[in-house]
Enquirer: 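Dropping the structure in here first, questions after.
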Amino acid sequence: MHFSPDTSPLLQGLNNEQAAAVTLPQAHALILAGAGSGKTRVLTTRIAWLMQTGQVSPGGILAVTFTNKAAKEMLTRLSAMLPVSVRGMWVGTFHGLCNRFLRAHWKLANLPQSFQILDTQDQLSAIKRLSKQFNVDDERFPPKETMRFIAGCKEDGLRPKDVVARDPDDRKRVELYELYEAQCQREGVVDFGELMLRSYELLRDNDPLREHYRRRFQHILVDEFQDTNKLQYAWLKQLAGPVDQGGGAILAVGDDDQSIYAFRGARVGNMADFVREYNVMHQIKLEQNYRSFSNILDSANHLISHNKGRLGKNLHTTQGAGEPVRVYESPTDFAEAQWMVEEMKQLLRDGQNGDGTNGVQHRSEIAVLYRSNAQSRVIETALFNAAMPYRVYGGLRFFERAEIKHALAYLRLLENPRDDTSFMRVVNFPPRGIGARSIEQLQDASRAMGCAMSDAVTAVAGKAGANLSAFVAKIDVLREQTQGQNLRQIIELLLDHSGLITHYQAEREGQDRIENLQELVNAAESFVTQEGFGRDAVALPIDEHGQPLATDATAMPSEGELTRQAAPQTMINADTGETLSPLAAFLTHAALESGDNQAQAGQDAIQLMTVHASKGLEFDCVFITGMEEGLFPHENSMNDFDGLEEERRLMYVAITRARKRLYLSHSQTRMLHGQTRYNLKSRFFEELPEHTMKWITPARSAFADAMPSRRDAWQNNNGWQNNAWGGGAATAVAPKPVPQRAAPVTSGPNAWVRSGVQVFHTKFGEGAVISIEGVGDDARAQVNFPRHGTKWLALSVAKLTQV
DNA sequence: GGGTCGAGGCTTTTT
DNA sequence: GCCTCGACCC
């Protein structure tokens with residue numbers, strides 16, 4: 001079959017802009033893809049279309065994403081669209097592709113063939129070890145900060161020699177960076193930043209290699225371009241080549257309004273730079289939204305219009321207005337959570353009765369979003385008490401759990417005895433009589449001898465030395481024994497002989513850990529089958545129309561196989577034919593893909609997550625909670641312009657997750673860091689359009705029973721004036737009449753302010769209220785601050801909290 | 001070598 | 001308020 005470029009069935013159902021993006025010529029282009037505008041569909045259809053129309057072979061495509069999830073999604077959709085093996089295609093995460101590249105060119109990159117990857121935990125312990133060794137004052141140079149410094153340098157493409165140190169402290173950090181690099185090189189390990197940086201440098205410095213890849217990748221597609229950092233953009237430029245010298249074309253897809261990762265080095269500015277540097281002629285905006293009703297979209301549009309310097313974009317939909325955005329004000333975080341649970345129950349009841357408009361069918365279609373993880377606890381408590389199943393995103397991933405890291409450390413030592421980070425992790429775990437003293441001795445010896453710790457054990461004398469030698473001998477024996485065994489056998493043998501299982505059996509709460517360790521065996525097993533280890537890794541040839549040339553039925557993979565072959569790592573390098581041991585490949589996999597974070601995925605449950613974690617997801621019903629000054633926008637971000645704009649984008653992301661229903665809630669008091677805080681409602685409320693919103697008055701009934709101790713708070717809308725629960729005591733308090741003007745009382749959040757009361761001001765600190773004058777919005781308080789003297793503060797403006 | 005206790009910290013997160 | 005890490009003691 002032959003498809004002419006513009007009648008391909010692939011284009012069916014696409015709107016004009018989407019179709020235009022899919023069928024762009026081979027030239028640099030920027031797609032501004034709004035939330036819910038079918039971005040992934042465009043990306044995958046573009047790739048499929050290019051291949052189907054014979055413009056490129058699978059090998060000529062490079063498609064890069066940020067997460068494994070996105071990469072997998074792309075491959076799955078792709079193989080559903082086209083019967084072509086995706087095996088030879090370079091589709092993956094930045095780090096996954098860099099890993100693939102470095103595995104193929106390990107010699108040129110000056111790495112050992114089976115170099116291992118340090119995750120953030122490993123990196124931190126490597127830096128701690130280094131700091132100790134060089135007697136670094138870790139008060140002055142906390143390892144965490146050093147790690148951020150190093151990662152930041154690498155994100156900017158800077159080696160130690162490139163960093164301009166401004167003061168002695170800076171110089172020290174650069175020195176540590178240099179020492180750290182030397183340590184990693186010696187031990188044959190690379191961190192995440194190093195994967196990127198070294199790939200970039202190799203492309204930059206090796207002309208023939210770079211030219212090879214430039215010729216090869218005719219089409220470079222970048223997902224979430226607004227999240228790229230400086231180095232990632234530079235890496236892309238190496239592959240695409242200079243503007244006028246042909247080579248691959250970059251199709252950058254992104255949304256500047258959804259850029260929420262500045263804190264980890266993302267540069268929205270890359271979008272504008274790209275347009276300028278490559279003189280991008282093709283820019284397409286995808287503004288048609290297929291997700292939400294217009295009340296939700298209008299709210300999002302209106303909010304984000306308060307940001308300056310946007311590339312400019314307005315989402316629209318053909319769906320109707322839908323439900324109003326509901327806003328709820330609560331006296332306490334506890335009551336906020338209670339209200340939410342009641343609302344959820346009602347939604348689910350309506351859903352059960354088949355009311356598709358007002359109800360929600362599944363719990364998993366309800367998401368609770370919050371700005372920071374600390375907020376989840378009170379919500380979890382409420383859900384738990386209501387016996388409502390829920391699932392919290394975030395937290396430890398499978399491959400990050402301590403017991404798994406221990407097992408992996410053993411496996412890494414089998415692969416590479418020089419890996420001191422792994423050595424340190426398990427040399428005395430399970431305990432085998434090797435204390436801190438002996439380890440210190442060993443470190444000194446290894447440094448003096450200039451060799452790995454495992455090669456220096458004979459230098460330690462006495463019983464400790466004997467224990468150390470025994471440990472190394474044990475690892476050596478294991479390495480010997482596992483020769484020629486398959487991955488499953490290796491791991492089982494290791495779990496047995498390392499003593500890990502025995503150790504956890506003796507522990508009171510070790511059962512979960514043992515189960516996880518057994519799960520590791522399963523993970524390895526499915527890794528082996530999914531990666532298709534031992535199979536021919538060469539992509540199937542296709543003809544000029546993108547159809548597979550294979551006539552032999554066995555050579556045509558089934559659809560299932562296509563999906564399975566889609567995994568990003570190859571053990572047999574398709575380009576060089578070099579092989580990596582299954583063990584080394586599995587360890588790489590474990591480092592690059594940290595796995596799911598929670599196992600309880602099976603049950604239909606309410607979804608709890610941070611706003612960040614919600615990016616890319618969608619739900620029928622979304623609750624955005626804790627809409628308060630200091631929380632959202634977060635206090636650490638609300639004082640500078642860029643920070644506030646990013647908070648607003650974050651809010652934009654949060655709003656656009658909702659399909660049908662959106663709730664915003666804020667609480668007048670909140671328990672945070674062990675203190676009750678009095679928060680004003682978020683400024684973002686002022687930036688939302690009135691016509692989409694509906695302020696809900698707290699209904700008395702549901703709470704009167706649930707919270708007898710706080711009933712008086714619900715007496716009327718100004719129940720807030722009553723401070724019966726102001727101290728946050730959980731003990732029951734008999735309802736008291738609302739005090740009527742016991743003192744010159746103001747309405748609103750500072751009602752508790754009266755003379756004699758200790759208050760806290762974010763700028764002036766703690767102080768005592770001397771006097772109060774005025775009522776309502778005009779109310780002012782005279783406060784004596786020990787450090788700043790006496791001040792008159794307008795209560796409607798000053799953020800005073802009770803001490 | 002392991003358990004207990006106290007201090008400090010505490011946005012967001014993927015690879 | 002809660003968790004992590006490190007110091008200190010048995």
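Chain identifiers are assigned alphabetically (A, B, ...) following the order of the sequence lines, protein sequences preceding nucleic acid strands; residue numbering begins at 1 within each chain.
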Enquirer: Under 3.5 Å, which donor-acceptor pairs link side chains of residues 149-157 of chain A to any protein atom two or more places apart or in another chain?
Expert:
from      : atom 1 : to        : atom 2 : distance (Å)
Lys154(A) : NZ     : Asp191(A) : OD1    : 3.3
Lys154(A) : NZ     : Asp191(A) : OD2    : 2.9
Lys154(A) : NZ     : Glu194(A) : OE1    : 2.7

Enquirer: Just the rounded figure in Å: distance from C1' of dT15(B) to NZ of Lys69(A).
Expert: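 It is 15 Å, rounded to the nearest whole Å.
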
Enquirer: Between dT14(B) atom C1' and Asp191(A) atom CG, what is the distance in whole Å?
Expert: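 Spelled out: CG on Asp191(A) to C1' on dT14(B) is 14 Å.
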
Enquirer: Give me, pair by pair, the N or O atoms of the protein and of nucleotides 2-8 of chain C that are less than 3.5 Å apart, along with how far apart they are.
Expert:
from   : atom 1 : to        : atom 2 : distance (Å)
dC3(C) : OP1    : Arg377(A) : NH2    : 3.4

Enquirer: Could you classify dT11(B) for me, syn or anti, using a glycosidic angle within 90° of 0 as syn?
Expert: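 Glycosidic conformation of dT11(B): syn.
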
Enquirer: Which part of the nucleic acid, if any, lies within contact of Met671(A), taking any heavy atom under 4.0 Å across all strands shown: a base, the sugar-phosphate backbone alone, or nothing?
Expert: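 Sugar-phosphate, backbone atoms only, no base.
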
Enquirer: Within 45° of the ring axis of Tyr180(A) and under 6.0 Å from its six-membered ring centre, is that where the NZ or CZ of Arg129(A) lies?
Expert: no

Enquirer: Not counting sequence neighbours, which residues clear side-chain contact (heavy atoms from CB on, under 4.5 Å) with Lys39(A)? List them please.
Expert: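 Applying side-chain contact (heavy atoms from CB on, under 4.5 Å) to Lys39(A) gives Ala33(A), Asp223(A), Glu224(A), Val253(A).
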
Enquirer: Could you list the residues that satisfy side chain to side chain donor-acceptor pair (under 3.5 Å) with Glu618(A), not counting sequence neighbours?
Expert: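 Per chain and number, Glu618(A) pairs via side chain to side chain donor-acceptor pair (under 3.5 Å) with Arg291(A), Arg659(A).
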
Enquirer: Return the value, rounded to whole Å, for the distance between atom CE of Met196(A) and atom P of dT14(B).
Expert: 18 Å

Enquirer: Toward the 5' end of DNA chain B, which comes first, Thr67(A) or Pro430(A), by nearest nucleotide?
Expert: Pro430(A)

Enquirer: Can you check salt bridge (Lys or Arg N to Asp or Glu O under 4.0 Å) on Asp227(A) and Lys615(A), steps first, answer last?
Expert: CA-CA 12 Å; Asp227(A) 288 338; Lys615(A) 193 174 162 207; 2.8 Å; yes

Enquirer: Who are the side chain to side chain donor-acceptor pair (under 3.5 Å) partners of Ser637(A), not counting sequence neighbours?
Expert: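 Counting only residues at least two positions away or on another chain, Ser637(A) forms a side chain to side chain donor-acceptor pair (under 3.5 Å) with Glu647(A).
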
Enquirer: Please give, in whole Å, the distance from dG2(B) P to Phe429(A) CZ?
Expert: 9 Å

Enquirer: Could you tell me which residues satisfy side chain to side chain donor-acceptor pair (under 3.5 Å) with Lys405(A), sequence neighbours excluded, listed by chain and number?
Expert: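 Result, side chain to side chain donor-acceptor pair (under 3.5 Å) vs Lys405(A): Asp119(A), Asp122(A).
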
Enquirer: What's the CZ-P distance between Arg264(A) and dT15(B), to the nearest Å?
Expert: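 Taking CZ of Arg264(A) and P of dT15(B), I get 8 Å after rounding.
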
Enquirer: Report which part of the nucleic acid Gly193(A) touches: base, sugar-phosphate, or nothing (heavy-atom distance under 4.0 Å, all strands).
Expert: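 If one applies the 4.0 Å heavy-atom cut-off, Gly193(A) turns out to touch nothing in the nucleic acid.
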
Enquirer: Indicate, with a heavy-atom threshold strictly under 4.0 Å, whether Ile434(A) touches base, sugar-phosphate, or nothing.
Expert: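 Counting heavy atoms under 4.0 Å across all strands, the contact made by Ile434(A) is with sugar-phosphate only.
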
Enquirer: Given atom CD of Gln226(A) and atom P of dT14(B), what is their separation to the nearest angstrom?
Expert: 15 Å

Enquirer: For residues 427-441 of chain A, pull every pair meeting side chain to side chain donor-acceptor pair (under 3.5 Å), keeping only residues two or more places apart or in separate chains.
Expert: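 Only Tyr410(A)-Arg432(A) qualify under side chain to side chain donor-acceptor pair (under 3.5 Å).
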
Enquirer: Take atom CG of Asn428(A) and atom P of dG3(B), then tell me their distance rounded to the nearest Å.
Expert: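 Atom CG in Asn428(A) sits about 13 Å away from atom P in dG3(B).
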
Enquirer: Without decimals, in angstroms, what is the distance between Tyr393(A) OH and dT14(B) P?
Expert: 12 Å

Enquirer: Taking only side-chain N and O atoms of Arg397(A), does any of them lie within less than 4.0 angstrom of OP1 or OP2 on dT14(B)?
Expert: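 For Arg397(A), the contact criterion (side-chain N or O under 4.0 Å from OP1 or OP2 of dT14(B)) is met.
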
Enquirer: Name all residues meeting the side chain to side chain donor-acceptor pair (under 3.5 Å) criterion together with Glu646(A); count only those two or more places apart in sequence or in a different chain, and write none if there are none.
Expert: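 Glu646(A) satisfies side chain to side chain donor-acceptor pair (under 3.5 Å) with Arg649(A) only.
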
Enquirer: Restricting both atoms to N or O, compile the protein contacts to nucleotides 9-12 of chain B shorter than 3.5 Å, with distance only.
Expert:
from    : atom 1 : to        : atom 2 : distance (Å)
dT11(B) : O4'    : His634(A) : NE2    : 3.3
dT12(B) : OP1    : Asn373(A) : N      : 2.6
dT12(B) : OP1    : Asn373(A) : ND2    : 3.0
dT12(B) : O4'    : Arg371(A) : NH1    : 3.2
dT12(B) : O2     : Arg371(A) : NH2    : 3.3

